[in-house]
Amino acid sequence: MLWIIVAILLGISLLTWIFLIFSLIQENRYATLFIDMLPFYQPLNFFALLSVVISSYLILYIYEWSPPRWIAPLVLSIGIILNLSLIYPFRRWSNYYRLSVYAGFLDELKKEQYSVKRFSEYDHTSQLDKNKIHIFLRHDVDLSLNRLLNIIKLEIEKDIISTSFFRLHSEKYVFEKAIPIIQYLQSEGFEIGFHYEVLSQTKGNTEEALDLFAKELNKLREYIPIKVVSHHGDKYSNQKIWPLVDKTKLDVWSAYDMKKDIYITDTGGKNMIKHPGFHIFDKLKEAKSGDVVQILIHADWWY
Ligand SMILES: [Zn+2]
């Protein structure tokens with residue numbers, strides 16, 4: 001009977017740790033899940049550790065063996081180190097990806113020297129006003145519609161305009177759910193783009209991907225006028241299709257074609273901290289009058 005309890009306890013610990021490790025490794029692809037799970041990592045780790053400690057004592061009891069004195073402090077130290085190691089990713093997010101930090105950044109953008117524009121206001125012949133810093137704020141909507149709405153709510157509050165690029169095949173939202181949000185954004189004066197992933201859809205088949213690009217663009221255009229696109233990044237490098245797309249016929253351009261002087265991005269959630277104390281938003285300070293600044297924010301990272 002005691003052995004069964006020991007086996008169950010050790011099994012629980014093992015599964016919990018496999019889950020924690022998997023979750024931390026996969027943080028890029030499953031940002032929403034990862035961030036939603038952040039507050040639970042440390043308690044889960046603690047309970048897994050507690051299960052190991054209880055089962056160890058049960059094993060000692062079964063064998064009627066009294067361990068050397070240093071065992072208990074050793075187990076305790078390992079437990080503390082494991083728990084502290086989970087604080088690191090949590091701290092990274094808690095300091096840098098707060099919606100309040102984003103709100104502060106929006107306040108900065110409201111200052112006189114900046115002019116925040118829709119992507120459709122970009123002038124490809126570089127004839128923008130030389131007295132302003134031109135800001136093009138972009139959201140690639142990878143995973144969470146709710147998190148996008150958190151960001152949009154702040155932008156509406158601060159009267160800042162942005163362009164959101166929607167996917168048709170997100171792992172976390174069905175396109176039909178995005179339609180009312182797209183219409184809401186349009187009614188609030190925001191702009192919509194297409195976040196394409198056609199090479200991923202066709203598993204690398206270029207010809208099929210080109211067909212699909214036109215089809216999906218038209219599908220989106222049933223709901224909203226689309227002029228600008230951006231590619232979704234994954235192992236199929238969707239941007240490879242871009243040189244082959246007939247831009248004139250389809251009347252589209254890519255956000256990556258913008259001649260930008262400064263590019264600020266939270267891609268992968270990793271670029272936020274270049275070195276301690278430096279936030280990617282600090283890059284804005286380098287902008288001079290007449291500069292074009294493109295800012296890419298993935299709402300999935302922000303909480
Ligand atoms: Zn993407």
Side-chain angles (χ1 to χ4, degrees), residues 23 25-36 93 96-97 99 102 118-119 122 136-152 155 162-179 181-182 185 190-204 206 209-210 212-217 219-221 223-224 226-245 250 252-258 260 263-272 280 293-303:
S23 188
I25 292 171
Q26 292 291 316
E27 65 178 70
N28 282 346
R29 276 293 130 233
Y30 300 96
T32 307
L33 175 69
F34 172 70
I35 286 174
D36 291 341
W93 263 266
Y96 288 85
Y97 291 79
L99 284 170
Y102 186 65
R118 294 175 189 84
F119 272 65
Y122 175 66
F136 293 88
L137 185 53
R138 166 183 152 207
H139 304 307
D140 284 353
V141 190
D142 280 342
L143 299 170
S144 170
L145 295 173
N146 283 338
R147 286 187 193 277
L148 174 75
L149 285 174
N150 290 341
I151 291 260
I152 294 293
E155 289 169 5
S162 67
T163 305
S164 293
F165 293 72
F166 284 85
R167 296 170 71 185
L168 268 76
H169 309 279
S170 168
E171 296 89 347
K172 295 276 177 176
Y173 66 86
V174 287
F175 177 65
E176 283 63 32
K177 281 248 166 82
I179 296 167
I181 295 172
I182 286 174
L185 287 174
F190 287 80
E191 198 170 22
I192 307 298
F194 173 32
H195 196 40
Y196 67 91
E197 51 196 312
V198 286
L199 264 181
S200 313
Q201 288 303 303
T202 62
K203 307 232 172 328
T206 308
L210 279 171
L212 194 62
F213 185 91
K215 255 185 223 156
E216 298 202 332
L217 186 64
K219 185 177 173 184
L220 258 170
R221 281 174 170 166
Y223 303 94
I224 207 96
I226 302 277
K227 285 277 189 186
V228 59
V229 300
S230 70
H231 64 263
H232 177 62
D234 65 16
K235 64 173 179 166
Y236 285 104
S237 309
N238 287 293
Q239 73 273 19
K240 280 189 195 152
I241 202 86
W242 185 242
L244 307 169
V245 170
L250 292 173
V252 280
W253 62 283
S254 165
Y256 291 92
D257 292 344
M258 183 181 279
K260 46 202 175 285
Y263 186 45
I264 296 174
T265 170
D266 64 355
T267 296
K270 303 260 188 210
N271 299 337
M272 293 305 268
I280 51 148
V293 181
Q294 190 180 133
I295 301 164
L296 169 57
I297 297 295
H298 295 80
D300 297 317
W301 298 114
W302 297 79
Y303 77 110

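For ligands, and for the atoms within them, numbers begin at 1 and follow the listed sequence.
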(Q) With heavy-atom distances below 4.5 Å as the criterion, would you say the side chains of Gln239 and Tyr256 are in contact? (A) no

Q | His231 near the Zn ion (ligand 1): N/O/S under 2.8 Å | A | no

Q.
Can you tell me if, anywhere in Asp142, an N/O/S atom lies at a distance from the Zn ion (ligand 1) that is smaller than 2.8 Å?
A. yes

(Q) Under a 3.5 Å threshold, yes or no: a donor from one side chain and an acceptor from the other, between Asp142 and His232? (A) yes

Q) For the residue pair Trp302 and Tyr97, does the interplanar ring angle fall in the parallel (under 30°), tilted (30 to 60°) or perpendicular (over 60°) class? A) tilted

(Q) So that I can check it, does any N, O or S atom in His298 come closer than 2.8 Å to the Zn ion (ligand 1)? (A) no

Q. Got a second to check how far Trp242's CH2 is from His231's NE2, nearest 0.5 Å?
A. 11.0 Å

Q: Looking only at N, O or S atoms, find the one in His232 nearest to the Zn ion (ligand 1) and name it.
A: ND1

